[in-house]
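No hydrogens, no waters, no symmetry mates; every other heavy atom, side chains included, goes into these values. In what follows, chains are A, B, ... by sequence order, proteins preceding strands, each numbered from 1. Remember, predicted model here, so these are calculated numbers, not experimental data.
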Number of protein chains: 2
Amino acid sequence: MIAKRLQTTRATINDVAAVAGVSRGTVSRVLNSEVYVSDAAKKAVEDAIEQVGYVRNTAARNLVTRQSHAIGLIVHEPHSLFLEDPNIGSILLGTNSVLSDNDYQLVSLIIDSDRDSHRVAEYLTGGFVDGVIIVSARAHDPIARVVSQIGIPAAFVGHPVDIEGIPYVGIDNFSAAKAITTRLMQTGRRTIGMIAAGLDRDSGQDRVAGFTAALGEAFDPELVVKVPLYAHASGIEGMRELLARAPHVDGVFAASDAIAAGVLDVLRDTGRSVPGDVGVVGFDDSAWATRSQPPLSTVHQPAGQLGRRAAESVLAQIRGEAVDSAGTFLDTHIVWRDSA
Amino acid sequence: MIAKRLQTTRATINDVAAVAGVSRGTVSRVLNSEVYVSDAAKKAVEDAIEQVGYVRNTAARNLVTRQSHAIGLIVHEPHSLFLEDPNIGSILLGTNSVLSDNDYQLVSLIIDSDRDSHRVAEYLTGGFVDGVIIVSARAHDPIARVVSQIGIPAAFVGHPVDIEGIPYVGIDNFSAAKAITTRLMQTGRRTIGMIAAGLDRDSGQDRVAGFTAALGEAFDPELVVKVPLYAHASGIEGMRELLARAPHVDGVFAASDAIAAGVLDVLRDTGRSVPGDVGVVGFDDSAWATRSQPPLSTVHQPAGQLGRRAAESVLAQIRGEAVDSAGTFLDTHIVWRDSA
C-alpha cells in the first residue's frame with residue numbers, strides 16, 4: 001500500500017478568516033480572548049479553526065516575547081559512552097523534572113561529529129532556546145565557547161578547564177578519589193593501580209590527583225594506566241595493560257563503574273578472584289555498580305541532583321536573579337559493597 | 001564568589017543601526033548581502049554587529065519559510081528503561097546521523113509525566129519542528145494522536161496498535177520470537193517458559209504470539225509470566241514468579257536482553273547453571289547480551305537502522321515525496337552465544 005501523505009501546508013490565520021467570513025483582526029481578537037467580539041463571530045471563528053485545522057504558531061508568538069520556553073541540553077560524549085553511561089540518563093531526567101515543573105521544554109541536542117557541533121552552535125544562536133545546559137564539556141569545546149560569547153543563560157555539569165564566567169555544578173573529584181583509595185588501602189592492599197580516563201577534563205585529572213595523594217610515598221606512576229573513555233571496553237583494555245605491567249597488583253581504583261565492570265571481566269578471565277585476590281573500587285554508583293558480580297564498592301555521585309541544580313541555575317539566570325558564577329559542589333559518599 | 005550574570009538582553013537590529021549610525025533598512029540590506037549598500041555603510045554595520053554582539057534570530061527567519069530545520073524525537077519510556085535500554089541510544093544515534101547529513105537538527109524530547117505529554121504536544125504544534133519521530137508509542141498515546149491530527153510529517157519506530165496513516169519502521173516480532181523459541185526447543189528443553197513485557201504494544205503482543213506458535217501443543221499459558229517493563233528488574237521479578245510456578249523449568253525466552261540479564265541473576269542466586277540446568281534466550285542483541293555471564297543467545301534487532309529509516313521517511317515527507325504509509329519491516333537474525 002503506497003499512499004502519498006499530504007505535504008504539510010499549515011493553515012494560517014488567513015484561512016480561518018476566509019472560512020469564517022470575518023476579518024483577520026476578528027480572528028486575532030478571538031484567539032486572544034478579547035471581549036469585543038460578538039458571540040456569532042466567535043462561533044464562526046471557532047468552527048473555522050476546527051474546519052481548516054488551524055494551530056497557533058507558538059514560534060511566532062515567541063518573537064514578541066523573545067522567549068521560546070525551551071532549554072537545550074548538550075551532552076558531549078562519543079557514541080559508546082552515550083549508550084552505556086547511566087549517569088547521563090540520570091542527569092537528563094533530573095534536568096527535565098525541574099524544567100517541566102516550571103513549564104519549560106527540555107530539548108536534548110546530540111553532538112556526534114564536528115558537523116553536529118557547528119549545526120548545534122547555530123541552533124543555540126538562533127532563538128530556539130532560552131538557555132542551555134552543557135554536560136561533560138572538554139577543553140577547547142567549540143559549543144562552550146559559542147555559549148560564552150552569545151551570553152545566553154547557561155550552566156555546566158562538570159567544568160571545562162578553559163571557560164570562565166559560566167556557573168557550573170559538580171562534585172569534588174579530588175576528595176572523593178582520595179577517600180575511596182584510602183579505604184581500599186585500609187583493606188590491606190599493597191600494590192594498588194588505577195585505570196584513569198577523561199584526562200581532558202577536570203574530573204579525570206582530579207581523580208588521578210586524589211589517587212596520588214592517598215597513596216603518598218607508595219605512589220608508582222607505572223601503576224596508572226590511562227584509557228580514553230569512561231567505558232566498559234576501556235576497562236578491559238586498561239586492566240590487561242595493568243596486569244602486563246604488574247601481574248601481582250592486588251587493588252584497583254577504576255575511574256568509573258563502567259571501567260570497573262571491564263576490570264572485573266579481565267580478572268575473572270585470568271582466574272583472579274574478587275575481592276579475594278584483587279580488591280576493585282569504582283566511581284559513580286551507577287546501575288553498573290549494582291549489576292556487577294560482585295557488586296561494586298564505589299563513590300556515590302548525585303547525578304540526578306547535578307541535573308536539577310544546573311536547571312535551577314539556568315532558570316534563575318532567565319529570571320534575572322543573581323547566581324554564583326563559580327562552581328557549586330554537591331556531596332558524594334562512599335558505598336561499600338562486595339568488590340573490595 | 002557571587003557575581004550576577006547579566007540578564008541576556010539579546011541585541012536587536014535597532015541596536016546595530018543606532019551604533020552604526022544608519023537606518024534599520026541599511027542594516028537589513030547588509031545582512032541580506034544586497035548590493036545597494038556603500039562600502040562605508042557596510043563596514044559601519046559590520047563593526048556595529050561585532051560591538052553589540054548581534055546574532056541573527058533564525059527562529060524569526062524561519063517564520064518566512066515556515067521551516068525550523070529541526071526534527072523532534074520522542075521516546076516513550078519510563079525512567080528505568082530510558083536509563084538502561086541500549087536500543088534507544090542506538091535509535092537516537094541512527095536518526096541523528098541521517099538528519100545531520102541533511103543539515104537538520106535533531107531535538108530529543110523526554111516524556112516522563114502527563115505534564116510532559118501536554119507540553120510536548122504544544123511544542124510540536126508550535127512551529128519549532130518540521131517533523132517528528134516517535135519511538136515506542138503505546139496504545140492511546142496522546143502525542144501520537146496530536147501528531148496524527150496536525151498532519152506534521154512523522155514516522156513511528158514500532159507501531160502503536162490504534163493509529164493509522166503514519167508510516168512506521170519495525171521488525172517482524174512474531175517471526176523472530178517464533179524462530180528463537182524453536183531454536184531453544186531444538187536444544188532439547190522440555191519445560192519452556194517466557195517472561196513477557198510491553199503487552200500494550202504490537203511488539204510485546206507479537207513476541208508472545210510467536211512463542212505460543214513455536215510451542216504449538218506444548219504451550220502452557222501458566223508458563224508465561226507477564227511483567228510491566230523490558231527491564232532488568234522486571235526480569236528478576238518475572239523469573240522468581242516463573243520458578244514459583246514451575247521449579248523444573250529448563251528453558252526461558254526473555255522478551256528482552258535486559259529481562260534475560262535479570263533471569264540469569266535469579267538462576268545464579270538459586271544455584272542453577274546456565275546453560276547446564278536452564279537455557280536462556282533474549283531479544284535485541286543489545287550491549288546487555290555481550291556483557292551477561294554467560295553471553296546471551298538472542299535476536300539481533302537493527303536498532304540504528306530503525307532510526308535511520310524513520311528519519312529518511314520524515315525527510316521524504318518534508319520534501320513532498322510519496323512514502324509508504326504502511327509499515328517497513330527490517331530483517332532480524334538469531335545470534336547464538338553461550339546462554340542456551
Most heavy-atom pairs under 4.5 angstrom with chain B, which of Asp101(A), Leu73(A), Leu99(A)? Asp101(A)

If only atom types and distance count, is the side chain of [X] paired as donor or acceptor with the main-chain N or O of [Y] below 3.5 Å?
X         : Y         : result
Ser234(B) : Leu229(B) : yes
Arg119(B) : Tyr104(A) : yes
Ser292(B) : Pro294(B) : no
Asp116(A) : Asp112(A) : yes
Asp257(B) : Gly282(B) : no

Side chain / backbone / both / neither for Ala70(B) at chain A, heavy atoms under 4.5 Å: side chain

Tell me, side chain or backbone of [X] under 4.5 Å from chain B's heavy atoms, or both, or neither?
X         : value
Ala316(A) : neither
Asn87(A)  : neither
Ser113(A) : side chain
Gln293(A) : side chain

Looking at His118(B), Arg268(B), Gln149(B), which one has more heavy-atom pairs under 4.5 Å with chain A than the rest? Arg268(B)

Hey, does Val120(A) have a side-chain heavy atom less than 4.5 Å from the side chain of Gln105(B)? yes

